[in-house]
Protein chains: 2
Amino acid sequence: MKEVSEDSIAKQRKLFDEFIRRRGLKRSAQRNTVVDIFLNNTQHVSCDDVYAIVRRRGLKIGYSTVYRTLKLLTAANLAQEVNFGDGVTRYDHNYNFNFQNHYHLICTLCGETIEFTSRAVDKSQKSIARKYGFTPQHHKLEIYGLCRECQAA
Amino acid sequence: MKEVSEDSIAKQRKLFDEFIRRRGLKRSAQRNTVVDIFLNNTQHVSCDDVYAIVRRRGLKIGYSTVYRTLKLLTAANLAQEVNFGDGVTRYDHNYNFNFQNHYHLICTLCGETIEFTSRAVDKSQKSIARKYGFTPQHHKLEIYGLCRECQAA
DNA sequence: GTACTTGCAAATTATTTGCACATCA
DNA sequence: TGATGTGCAAATAATTTGCAAGTAC
């Protein structure tokens, strides 16, 4: 998996700040913390995950604030909601603007998720969007099945 | 969009009955109704949708029964859960065994969904699954963006 | 007859919202 | 100062579950 560089995080943080300004919103310690946690985490996180990290850091931020900030990150196009069928919304990085998009293999038995990238998939999606006169913002691909370990078992 | 033939519905119903039998479960009028509604509907439906159709037919089936039956259809691999980000789980046909898989373009402004198929995407997915020693059961691809109409507006 | 199914109401879970108070610009 | 943000608790929404009574095999 591609490493997330310091540079890229700084860049994304800048994008977020611009977004806040453009919307006439304000900065705050809580927002900074949540944005920081999200950007520095390479995995897709749930609101619960982020909240747990906040508390582990000894900080106290309301649950609603975490939710609201994750929604903001989504609106800013830095995050995207993903849903693996367990009823929990997760927030994944939206690498469109910078990295290659990544997709998921999800084991229906043990729940493990594997990330992968595919130029072929990326290309197909672009051509399909064009065909339907659609301006793509983000996309997701999930393959459900049995992982190597679970097949053996 | 490909038409769903009578034959295919009968075939899927048979698959469901086999599934029921294999699991030592039983048939019932309510289950038959829900399965019937699902199979004869070409669209992805929510539990609410199915419940509304049931009532429109003048029948009375409990909400939980509808939910439970849609879960059964998923377990039988005839349906698959999809989630377009509005907090509602929808059940889509799992055409794997018979048809070409189809995917979705979802307009983030008006919510319209367009279905499409793509041999290229299908192929990429197969090869990726193979690469990771993964046995795919089903997969979904969703492209979010602005539809033609919403771009103009 | 035994095990499975149903329908209701209650419980659970995830997420959102109202509002008083705090904070940023 | 005035608009926006926060945190709590309460509200909402979707889904699941317990249980008594009904039904399939």
Side-chain angles (χ1 to χ4, degrees), chain A residues 16-38 44-55 57-76 79-92 111, chain B residues 13 16-38 44-52 54-55 57-76 79-92 111:
Chain A
F16 184 75
D17 288 347
E18 267 170 39
F19 171 82
I20 288 288
R21 196 162 34 70
R22 245 183 304 121
R23 287 242 185 152
L25 305 178
K26 291 168 182 169
R27 257 118 52 76
S28 80
Q30 292 93 326
R31 273 187 191 163
N32 286 341
T33 303
V34 172
V35 170
D36 184 60
I37 289 172
F38 175 76
H44 33 71
V45 288
S46 64
C47 178
D48 225 61
D49 293 337
V50 174
Y51 186 73
I53 295 170
V54 168
R55 313 224 83 216
R57 287 196 189 174
L59 303 172
K60 272 200 64 179
I61 300 183
Y63 220 93
S64 348
T65 301
V66 177
Y67 261 110
R68 290 190 266 230
T69 309
L70 290 171
K71 290 266 173 215
L72 273 185
L73 279 162
T74 307
Q80 84 178 257
E81 299 187 348
V82 289
N83 212 296
F84 296 155
D86 59 355
V88 178
T89 302
R90 272 164 242 278
Y91 294 82
D92 201 352
Chain B
R13 198 191 308 270
F16 184 75
D17 288 348
E18 266 171 38
F19 170 82
I20 288 288
R21 196 163 33 70
R22 244 184 304 121
R23 288 243 185 149
L25 304 178
K26 290 168 184 170
R27 257 119 49 76
S28 81
Q30 291 92 326
R31 272 185 193 165
N32 286 342
T33 303
V34 173
V35 169
D36 184 60
I37 289 172
F38 175 77
H44 32 71
V45 288
S46 64
C47 178
D48 226 62
D49 293 336
V50 174
Y51 186 73
V54 168
R55 313 225 82 215
R57 288 197 186 175
L59 303 172
K60 273 199 63 180
I61 300 182
Y63 220 94
S64 349
T65 302
V66 175
Y67 262 109
R68 289 190 267 231
T69 308
L70 290 170
K71 291 264 173 218
L72 273 186
L73 279 161
T74 307
Q80 83 177 260
E81 298 187 348
V82 290
N83 213 295
F84 296 153
D86 59 354
V88 178
T89 302
R90 272 163 242 277
Y91 294 82
D92 201 351

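All chains are named by letter (A, B, ...) in the order of the sequence lines, taking the proteins before the strands, and each is independently numbered beginning at 1.
For the pair B:Gln30 CD and D:dT23 C1', the computed distance is 9 Å after rounding to whole Å. To the nearest angstrom, P of D:dG5 lies 12 Å from CZ of A:Arg27. Rounded to an integer number of Å, the gap from A:Phe19 CZ to D:dT4 P is 14 Å. Between the CG atom of A:Asp86 and the C1' atom of D:dT16 there is a distance of 15 Å, rounded to whole Å.
The rotation axes computed at either terminus of the helix from C:dG1-D:dC25 to C:dA25-D:dT1 lie 40° apart, taking five pairs at each end and rounding to 10 degrees.
Using a 4.5 Å cut-off on side-chain heavy atoms (C-beta onward), B:Ile37 and B:Val54 make contact. Using a 4.5 Å cut-off on side-chain heavy atoms (C-beta onward), B:Cys47 and B:Leu70 make contact. Between B:Leu72 and B:Phe19, some side-chain heavy-atom pair lies under the 4.5 Å cut-off. Under the 4.5 Å side-chain criterion, counting only non-hydrogen atoms from C-beta, A:Ile61 is in contact with A:Val66.
Rounded to the nearest 0.5 Å, atoms CD (B:Gln30) and CZ (B:Arg68) are 10.5 Å apart. In this structure, CG in B:Asn83 is found 11.5 Å from CZ in A:Phe84, a value given to the nearest 0.5 Å.
Non-hydrogen atoms lying under 4.0 Å from DNA chain C are contributed by B:Arg68, all within residues 67-76 of chain B.
For the salt bridge (Lys or Arg N to Asp or Glu O under 4.0 Å) condition, the pairs that include at least one residue of residues 21-36 of chain A, sequence neighbours left out, are A:Arg13-A:Asp36, A:Asp17-A:Arg27, A:Asp36-A:Arg57.
The side chain to side chain contact (heavy atoms under 4.5 Å, CB included) test applied to B:Lys71 returns B:Glu81, B:Tyr91, not counting sequence neighbours. Applying the side-chain hydrogen bond (donor to acceptor under 3.5 Å, both in side chains) rule to B:Asp49 yields the partners B:Ser46; only residues at least two apart in sequence or on another chain are considered.
Taking side-chain N and O atoms only, A:Lys60 has a distance below 4.0 Å to OP1 or OP2 of D:dC8.
Within the nucleic acid shown, A:Ser28 comes within 4.0 Å of sugar-phosphate atoms alone, with no base atom in reach, counting heavy atoms only.
Nucleotides of DNA chain C lying under 4.0 Å from heavy atoms of chain B occupy a range whose first and last members, 5' to 3', are C:dA3 to C:dA9.
A residue-by-residue look at B:Lys26 and A:Ala29 shows that A:Ala29 has its nearest nucleotide of DNA chain D further toward the 5' end. Looking at which nucleotide of DNA chain C each of B:Gly24 and B:Gly62 is closest to, the 5′-most match is held by B:Gly24.
Residues B:Val35 and B:Thr69 approach most closely at CG2-CG2, 4.1 Å, considering heavy atoms. In this structure, B:Asp92 and B:Phe38 approach most closely via the heavy-atom pair O-CZ, 3.6 Å.
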